[in-house]
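First up is the structure itself, then whatever we jot down about it.
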Amino acid sequence: MKIIPAIDLMEGQVVRLYKGDPKQKTVYSDDPMSVAKKWQEAGADMLHIVDLDATIGTGSNLDLIEKITNELSIPVEVAGGLRNEEIIDKAISFSDRVVIGTLAFKDKELLQRIAKKYNFSKIVISVDHIDGFIVTHGWQESTKTPLLDAINEFVSMGFTEFLLTNVSKDGTLEGPDLEYLEKACDIQNTNVIASGGISNIDDVFDVQTKNAFAVILGKALYENKISIKEAKQLVN
C-alpha cells in the first residue's frame, strides 16, 4: 500500500480544512516547497497536492504546484478544480496523475476523451461522498448518485484509479470510513486511494486490511500523530 501525504494549498499556504469547510481552516506553513521536500525526504511514495482555491472558485495555485513538482523526484498527483480540458492539459503536462471529480460527473464524454488522450492510468476519479451519495463542486453540491453505482460505471468505461473520501470524516481525526472503503475495494479492477479521517497508525493498518491501493495522510501527519516512516514500516 502506498503512503501519500496531502498538501492542500490555499492562497499559497499549506492548510487543512475541517470537513471541507473553507471557514474552518488551519494554516500549517507558508512555504509549501519546503513541506513537499520534507515529505519526499521522509519517504513518501507520492504527493497529493490539492488546489483548494481552484476547488472553491476563488483563485489558482497551479503555477505554484508546477514549481513544486519540478523540484521533486517522487510522483505527484494534482487535484482540485480541474474542470476543463485546458487546465487538465496543463496539470497533466507536469504531473504524473490528475484527480478529476466534478467534471467526471458532468461531462463523461470529455472525461473519456481526456483519458484516451493521456492513458486511463493517469486519470484518478475522485468519488467524494456523504452517507454513500456523491458530492461535487468542492463538496458543496449533493447529488443523488450512489457511490458504488458511480464507481461501477467508471470501471465499465475503463477507469481503474479512484480517490475515495467520506467528506464527513475529512480533517476530523475520527478514523477512516472502513465500510465504504471495503465495498469500493471489492469492486473488480479498482485501485482505491483511501482519504479522510486517518488519526494514527492503527487507522493505516485498518485501511490496509481493506486492500486499499494507497492511503492519504493529512491532518494526522501535520499534527504529528503519525509519521511517514512508521506508516511505511507498517505496510512494507
Side-chain angles (χ1 to χ4, degrees), residues 1-2 4 6 20 45-51 54-55 75-93 95-170 176-197 207-208 210-216:
M1 186 172 74
K2 310 278 186 207
I4 306 178
D45 294 303
M46 181 186 288
L47 286 186
H48 176 77
I49 307 184
V50 185
D51 187 343
T55 298
V76 170
E77 64 178 27
V78 179
L82 301 176
R83 293 179 192 149
N84 66 56
E85 192 165 5
E86 186 186 351
I87 290 173
I88 291 167
D89 284 342
K90 179 172 181 186
I92 220 162
S93 72
S95 67
D96 295 88
R97 293 146 58 102
V98 293
V99 180
I100 299 177
T102 301
L103 181 142
F105 291 91
K106 279 182 65 180
D107 192 341
K108 291 191 169 66
E109 256 179 62
L110 174 57
L111 176 72
Q112 200 139 33
R113 191 166 79 242
I114 291 166
K116 284 177 177 161
K117 179 159 63 165
Y118 291 112
N119 194 318
F120 281 83
S121 64
K122 283 189 167 285
I123 310 296
V124 182
I125 305 293
S126 185
V127 281
D128 308 321
H129 74 100
I130 296 174
D131 298 328
F133 291 94
I134 294 291
V135 290
T136 60
H137 296 83
W139 304 347
Q140 306 305 306
E141 289 191 21
S142 305
T143 73
K144 301 254 187 322
T145 307
L147 168 69
L148 300 175
D149 290 357
I151 295 174
N152 275 304
E153 182 182 359
F154 287 120
V155 168
S156 73
M157 291 167 65
F159 294 93
T160 57
E161 312 302 307
F162 296 91
L163 174 67
L164 175 61
T165 307
N166 182 330
V167 175
S168 57
K169 292 280 191 181
D170 198 64
D177 172 4
L178 297 172
E179 179 191 350
Y180 279 105
L181 176 63
E182 183 171 24
K183 289 173 180 173
C185 291
D186 280 346
I187 296 171
Q188 283 193 318
N189 301 318
T190 57
N191 289 325
V192 180
I193 302 171
S195 171
V207 164
Q208 188 181 27
K210 305 304 178 191
N211 297 317
F213 168 74
V215 63
I216 298 242

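Below, all heavy atoms of this structure are taken into account, side chains as well, without hydrogens, waters or symmetry copies.
Taken to the nearest 0.5 Å, the NZ atom of K169 stands 12.5 Å off from the OG atom of S195.
Residues that satisfy the ring pair (Phe, Tyr, Trp, His ring centres under 6.0 Å) test with F162, not counting sequence neighbours, are absent from this structure. Under the rule for a side chain to side chain donor-acceptor pair (under 3.5 Å), the partners of K90 that lie at least two apart in sequence or sit in another chain are D63. Evaluation of the side chain to side chain donor-acceptor pair (under 3.5 Å) rule for Q112 yields no partner, not counting sequence neighbours. Checked against side chain to side chain contact (heavy atoms under 4.5 Å, CB included), D149 has the following partners two or more places apart in sequence or in another chain: P146. The salt bridge (Lys or Arg N to Asp or Glu O under 4.0 Å) search around K2 returns none, not counting sequence neighbours. Residues forming a salt bridge (Lys or Arg N to Asp or Glu O under 4.0 Å) with D186 (at least two apart in sequence, or on another chain): none. Shown here are the side chain to side chain donor-acceptor pair (under 3.5 Å) partners of Q208, two or more places apart in sequence or in another chain: there are none. A search for side chain to side chain donor-acceptor pair (under 3.5 Å) contacts involving N189 returns nothing, not counting sequence neighbours. Residues satisfying the ring pair (Phe, Tyr, Trp, His ring centres under 6.0 Å) test with F133, not counting sequence neighbours, are none. Listed by chain and number, the residues in a ring pair (Phe, Tyr, Trp, His ring centres under 6.0 Å) with F213 amount to none (sequence neighbours excluded). By the side chain to side chain contact (heavy atoms under 4.5 Å, CB included) test, A104 pairs with I100, L111, I125, F154, sequence neighbours left out. Residues passing the salt bridge (Lys or Arg N to Asp or Glu O under 4.0 Å) test with K183 are E179, sequence neighbours excluded.
The two residues N166 and S168 come nearest to each other via the heavy atoms OD1-OG, 2.6 Å. Here the closest heavy-atom approach between residue V50 and residue G80 is recorded as CG1-CA, 4.4 Å.
Side-chain atoms of N84 come within 3.5 Å of backbone atoms of I87 as a donor-acceptor pair (strictly under, hydrogens ignored).
Residue D89 qualifies as enclosed at atom CG: its count of foreign heavy atoms under 6.0 Å is above 12.
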side-chain contact (heavy atoms from CB on, under 4.5 Å) between L147 and I134, worked out: CA-CA 6 Å; L147 168 69; I134 294 291; 4.0 Å; yes
